[in-house]
Amino acid sequence: MLCWHKHKTGDIEKYKTDGVLMQMTADVYFCLMYKNEKFKKLCNGVGSQVGWFNKLIYHIIPDSIGLLNITGCSDLHDVGFSVPKAFKTLEDAYEYFEQVNWDFLSNLRRRIEAGTHTYLIRKTRYFVATRYYNAVQSSIGWTSFMSGKLINGKKLSDDEINEFYEQRNP
């Protein structure tokens, strides 16, 4: 079913495209299935509210791409950015960050494919979806992802987090 607005946050049907569950990490799936109230609290719509810039633009980011609702994709991404809270290494955190972002893009593309029947509209929506992916995969996305995370039991400084990102993305 494509009409996600009929399904509330945390309703498993909202996270299906054509009856097939969207891509998500095991942590996100566990939260959706077994910690549903926590799942609902972690969902904030499309966009981040971590950092001054994100708070500034949050209210102008639409919940759709060309009238195609993407909140199901966004919810899964929100939860992926929020769980787990600790990693052994920054490398582990970065791999998880990349997986959550890749799942987000894959879910957007599946949603667009299932909900778009016109070539030009599909291509335009893919273009916008790629921009959303680039935004979450950026240094701003990395900073948002790392907010409140522990690496090997300790909180790293913003400088350490940003330096790691810059080394990975010269």
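In what follows, residues are counted from 1 in the order of the sequence shown. Predicted model, so just to flag it, every value in this text is computed and none were measured.
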Are a donor atom and an acceptor atom from the side chains of [X] and [Y] found within less than 3.5 Å of each other?
X: Gln23; Y: Asn107; result: no
X: Thr71; Y: Asn69; result: yes
X: Glu166; Y: Asn162; result: no
X: Asn169; Y: Tyr94; result: yes
X: Thr116; Y: Arg125; result: yes

Report task. Would you indicate whether Lys155, at its atom NZ, is surrounded by more than 12 heavy atoms from other residues, nucleotides or ligands within a distance under 6.0 Å? Result -> yes
Query raised in the report: Crowded around Lys85 NZ? As in, over 12 foreign heavy atoms under 6.0 Å?
Result: yes
Query raised in the report: Is it true that Glu113 and Arg110 have a side-chain N and a carboxylate O under 4.0 angstrom from each other?
Result: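 Result for this pair is no, no salt bridge flagged.
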Query raised in the report: Among all residues two or more places apart in sequence or in another chain, which pass the ring-ring contact (aromatic ring centres under 6.0 Å, His included) test with Phe127?
Result: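 Phe127 satisfies ring-ring contact (aromatic ring centres under 6.0 Å, His included) with no residue once adjacent residues are dropped.
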Query - Minimum side-chain heavy-atom gap Asn101-His77 below 4.5 Å - result: yes
Query raised in the report: Are Lys40 and Asn36 side-chain neighbours, meaning at least one heavy-atom pair lies under 4.5 Å?
Result: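 A side-chain contact under 4.5 Å exists here.
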Report task. Report yes if the distance between the aromatic ring centroids of Phe104 and Tyr133 is under 6.0 Å, otherwise no. Result ->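 That pair fails the under 6.0 Å test.
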Query - Centroid-centroid distance, Phe39 to Tyr29, less than 6.0 Å - result: no
Query - Transitive ILVMFWY side-chain link Leu150 to Phe164, under 4.5 Å - result: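 Result: no, two separate clusters.
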